[in-house]
**Student:** 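After the structure tokens below, expect a handful of questions from me.
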Amino acid sequence: MNNATAHHTGKPSRSQRQKAETASPTAIGLRRMDATDKGRGRTVKGHAQVGSEGNASDAFLKCTFLPRLKEAESDSVPAGQAETERDFYLSLSLLAEHFGIKPIESRSYGYPYNIAVAIADIENRLKASLPNWDSLRFVRDGCKTYLETEERYSVDTKLYYIPLAPLLMMLADAKRKRNARLLVSVCSYLYHIADIPYYTHSGSYLSWMYEMMGDWITEDDCNEQRERDIQELLKADWIGVRMEQKIFNRNNLVFFEKRLDAFITQDDFDNDCRKVASNALALFREYPEAHIFRNAPEQEERGQDCDGCDSIPMAWYISFIAETRGWLYETINDSINNEFNEYGGMDSPVIRTKFDGSEITRQSLDFETRLFRLLEDLCTLLNDYKTTRR
């Protein structure tokens, strides 16, 4: 959409109860960022080859080279060797106990190689044991040094937009009404407990997008399809209001387990519905108060006013949505892609743990990992409904 603005001010902030009308399929890929300049090319000939005279010994190939501290790490090391080693090994012992791993014996290498060897070893062990491991840092805070780990769930470049139009159609389908009721319980859990934004709620990112579409349609005097476009917007708003009335009812949570127990599968679509509902109910039982933003970066907790930020907030790519097909969605999707391409990355759930002697709270990204998979499966299921109706 040529009239869509890639940059805008006053981006909506995430409210406690965000509205969002439509939701895109779980695995919709965003356009990749523009490729970086490859720089000056190399000549085919290259440099003249230089070799040693005679038969040079290749014994060095049998040597073992010690890892070295990165510049950022060595810069963070205090001048006092004894204090640095003491703090480091204390932090290392806390880290090893927390994650249940046994680090290599490195003290015999001597300073600073002992620290470099220990860090290289612990990084490899963390990579092997933590599914969401991201990085390990050697930090200096005043006169104290310690290790800090970061675990991060990778969301790639996907829009987790849950379409509600297929679910509304399913409710009117006599052959699929029992499927629809089960999925309404799933959406009610996502709405009330997981805190998925809703596209008709003022302050949500998709609400801003729909408003922008409305302004564009109204101001475009050359649009021959204005009436059609206005009707699509009104339909999207109606779907949002109608479906929110359904999933807002907390009885859907009360009868969730009962609906699942009574559900009888007859075909592949039924099996997929049961799988999605079972996974949602399991999350509800194990994490009765957990929401999708619980481990969002601090930027997300401050809200969605991201002017000057270089990453996309989580609440921008997770939401309920009216529909993920048709002219309106395609136009919104193009605008979102154009805007997102202005950012360097996407925020995702992250856990940072400091091993500085302070109390450590045990956390994991198990909930986020399972919830994002649930969103993907639900979006796929709803988007497939139209093509599998019997």
**Student:** Find out whether the Lys NZ or Arg CZ of Arg107 is both under 6.0 angstrom from the six-membered ring centre of Tyr89 and within 45° of the ring's axis.
**Tutor:** yes
**Student:** Do Phe269 and Cys273 touch side chain to side chain, with heavy atoms closer than 4.5 Å?
**Tutor:**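 Side chain of Phe269 against side chain of Cys273, heavy atoms only: contact under 4.5 Å found.
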**Student:** Is it the case that the side chain of Ser319 and the backbone of Ala315 share a donor-acceptor pair, with hydrogens and angles ignored and the cut-off at 3.5 Å?
**Tutor:**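 Judged by distance alone, no pair lies under 3.5 Å.
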**Student:** Carefully, step by step, assess Leu328 and Tyr210 under the rule side chain to side chain contact (heavy atoms under 4.5 Å, CB included).
**Tutor:** CA-CA 9 Å; Leu328 180 58; Tyr210 277 99; 3.7 Å; yes
**Student:** Can you list the residues that meet the side-chain hydrogen bond (donor to acceptor under 3.5 Å, both in side chains) rule with Glu150, with sequence neighbours excluded?
**Tutor:**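 Once residues adjacent in sequence are excluded, the partners of Glu150 under the side-chain hydrogen bond (donor to acceptor under 3.5 Å, both in side chains) criterion are Arg152, Arg352.
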**Student:** Charged N to carboxylate O below 4.0 Å: is that the case for Arg178 and Asp270?
**Tutor:**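 Salt bridge present between Arg178 and Asp270.
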**Student:** Given the rule in the side-chain hydrogen bond (donor to acceptor under 3.5 Å, both in side chains) test, do Arg373 and Asn279 qualify, once you have shown the distances and angles that lead to the verdict?
**Tutor:** CA-CA 9 Å; Arg373 290 174 182 169; Asn279 291 339; over 6 Å; no
**Student:** How would you list, by chain and number, every residue that makes a side-chain hydrogen bond (donor to acceptor under 3.5 Å, both in side chains) with Arg362, sequence neighbours excluded?
**Tutor:** none
**Student:** Answer yes if the side chains of Asn114 and Ser106 hold a donor-acceptor pair under 3.5 Å, and no otherwise.
**Tutor:** no
**Student:** With the side chain counted from C-beta on, respond yes when Asp134 and Glu151 share a heavy-atom pair under 4.5 Å apart, and no when they do not.
**Tutor:**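 They are not in contact (no side-chain heavy atoms under 4.5 Å apart), so the answer is no.
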**Student:** Are the side chains of Leu371 and Leu190 in touch, meaning some heavy atoms are under 4.5 Å apart?
**Tutor:**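 The answer is yes, as the side chains (C-beta and beyond) meet within the 4.5 Å cut-off.
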**Student:** Can you confirm whether Leu365 sits close enough to Phe372 that some side-chain heavy atom of one is under 4.5 Å from a side-chain heavy atom of the other?
**Tutor:**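 No, their side chains stay 4.5 Å or more apart.
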**Student:** What about Phe367 and Tyr287, are their ring centers closer than 6.0 Å?
**Tutor:**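 Ring centres of Tyr287 and Phe367 closer than 6.0 Å.
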**Student:** With under 30° as parallel and over 60° as perpendicular, where do the rings of Trp316 and Phe340 fit, or are they tilted in between?
**Tutor:**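 Parallel, since the angle between the ring planes stays under 30°.
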**Student:** Closer than 4.0 angstrom, basic N to acidic O: yes or no for Glu323 and Lys235?
**Tutor:**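 Answer for the salt bridge query: no.
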**Student:** Under 4.0 Å between a Lys/Arg side-chain N and an Asp/Glu carboxylate O for Glu368 and Arg294?
**Tutor:** yes
**Student:** Salt bridge or not between Arg274 and Asp267? Use side-chain N to carboxylate O under 4.0 Å.
**Tutor:** no
**Student:** For the residue pair Ser91 / Asp356, report whether a side-chain donor-acceptor contact shorter than 3.5 Å exists.
**Tutor:** no
**Student:** State plainly whether the residues Arg370 and Glu286 are in salt-bridge range, i.e. N to O under 4.0 Å.
**Tutor:** yes
**Student:** Determine the minimum heavy-atom distance between Pro163 and Asn383, stating which atoms define it.
**Tutor:** CG-ND2, 3.5 Å
**Student:** Set out, in order, the CA-CA distance, both residues' side-chain angles and the distance that settles side-chain hydrogen bond (donor to acceptor under 3.5 Å, both in side chains) for Gln81 and Glu85, then state yes or no.
**Tutor:** CA-CA 6 Å; Gln81 171 183 336; Glu85 289 187 285; 3.3 Å; yes
**Student:** Walk me through whether Met212 and Trp216 qualify under side chain to side chain contact (heavy atoms under 4.5 Å, CB included).
**Tutor:** CA-CA 6 Å; Met212 187 180 70; Trp216 176 77; 5.7 Å; no
